Number of protein chains: 2
Amino acid sequence: MDAVDPHDPVPLYQQVARELRNMIISGELAPRDALPSELTIQQRYQVSRGTARRAIEMLRDEGLIYTVPQRASYVAER
Amino acid sequence: MDAVDPHDPVPLYQQVARELRNMIISGELAPRDALPSELTIQQRYQVSRGTARRAIEMLRDEGLIYTVPQRASYVAER
DNA sequence: GTGTATTTGTTCGTATGTATC
DNA sequence: CGATACATACGAACAAATACA
């Protein structure tokens with residue numbers, strides 16, 4: 001069972017967001033840790049860059065991460 | 001709170017420049033005193049040499065320091 | 001004077017996110 | 001979706017001048 005499945009009715013960006021969210025909640029990614037880059041996400045889940053960006057945007061809106069322009073996105077504290 | 005923080009949206013070279021600038025303004029570094037070497041800056045703030053050089057370049061552009069090739073940068077008089 | 005270490009100068013390559021078309 | 005350009009940042013390598021034992 002792939003983590004991200006194109007046949008799943010759930011939008012890809014939501015699936016990707018869920019994966020990343022799990023990595024944060026599980027502690028695999030600790031506060032202030034950098035998230036995988038957009039390119040890494042593309043390759044890992046076989047999605048387009050737009051999809052990767054949208055997933056990241058989702059987590060940012062949730063307050064789970066913050067993005068430092070020209071650098072990377074990081075897991076938020078707390 | 002680190003003096004130079006990768007999670008701060010402010011570009012690293014600007015953060016480093018700010019630190020050095022403060023050392024000059026506070027008088028910790030007097031006119032004609034040598035600035036920390038590029039290597040020292042790298043190690044002290046955990047940044048790359050390019051970033052250290054760019055910070056120095058900034059202060060030079062501001063007229064706060066001058067650089068003697070193959071020697072060091074010094075705090076400007078006045 | 002000689003050799004070594006240090007320091008700045010310079011260039012190249014890679015990676016990242018942002019913006020635009 | 002792809003392609004490009006840009007800004008930031010890191011790393012490596014080498015050159016050249018200087019400092020020092």
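Here the structure is a predicted model, which is why all the values come from computation and not from measurement. Every chain is numbered from 1, with letters handed out A, B, ... down the list of sequences.
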Next item on the list: Send over the distance from B:Y45 OH to D:dA9 P, rounded to a whole Å.
Entry: 15 Å

Check: Are the charged groups of B:E62 and B:R21 less than 4.0 angstrom apart, N to O?
Finding: yes

Notebook entry, point to check: Whole-Å distance between D:dA9 C1' and A:Y74 OH?
Noted result: 10 Å

Item checked: DNA chain C: 5'-proximal contact among A:P36 and B:A72 (nearest heavy atom) -> B:A72

Pick out the pairs of N or O atoms, protein on one side and nucleotides 18-21 of chain C on the other, that lie under 3.5 Å.
unit_1	atom_1	unit_2	atom_2	d
C:dT18	OP2	A:R53	NH1	3.3
C:dT18	O4'	A:Q70	NE2	2.9

Next item on the list: Round to the nearest Å and state the distance from B:L39 atom CG to D:dA12 atom P.
Entry: 13 Å

Note to self: Check the phosphate of D:dT8 against B:Y13, side-chain N and O only, distance under 4.0 Å to OP1 or OP2. Yes or no?
What the structure shows: yes

Next item on the list: Would you indicate whether the side-chain heavy atoms of A:R71 and B:L12 approach each other to under 4.5 Å?
Entry: yes

Next item on the list: Is it possible for you to say whether B:Y13 and B:V47 belong to one hydrophobic cluster, with membership spreading through side-chain heavy-atom contacts below 4.5 Å?
Entry: no

Notebook entry, point to check: Looking only at side-chain N and O atoms, does B:R71 come under 4.0 Å of OP1 or OP2 in D:dA19?
Noted result: yes

Notebook entry, point to check: Hey, what do you get for CG (B:L29) to CD1 (B:I65), rounding to the nearest 0.5 Å?
Noted result: 10.0 Å

Checklist line | B:Q15 vs B:D8 side-chain heavy atoms within contact, under 4.5 Å | finding: yes

Next item on the list: Provide, to the nearest angstrom, the distance between the CD1 atom belonging to B:I41 and the C1' atom belonging to D:dG11.
Entry: 18 Å

Margin query: The criterion is side-chain hydrogen bond (donor to acceptor under 3.5 Å, both in side chains); which residues satisfy it with B:T40, sequence neighbours excluded?
Written below: B:S37

Check: In whole angstroms, how far is the C1' atom of D:dG2 from the CD atom of A:Q42?
Finding: 11 Å

Notebook entry, point to check: Rounded to the Å, how far apart are B:R54 CZ and D:dG11 P?
Noted result: 17 Å

Next item on the list: Respond yes when some side-chain nitrogen or oxygen of B:T51 is under 4.0 Å from OP1 or OP2 of D:dT8, and no when none is.
Entry: no

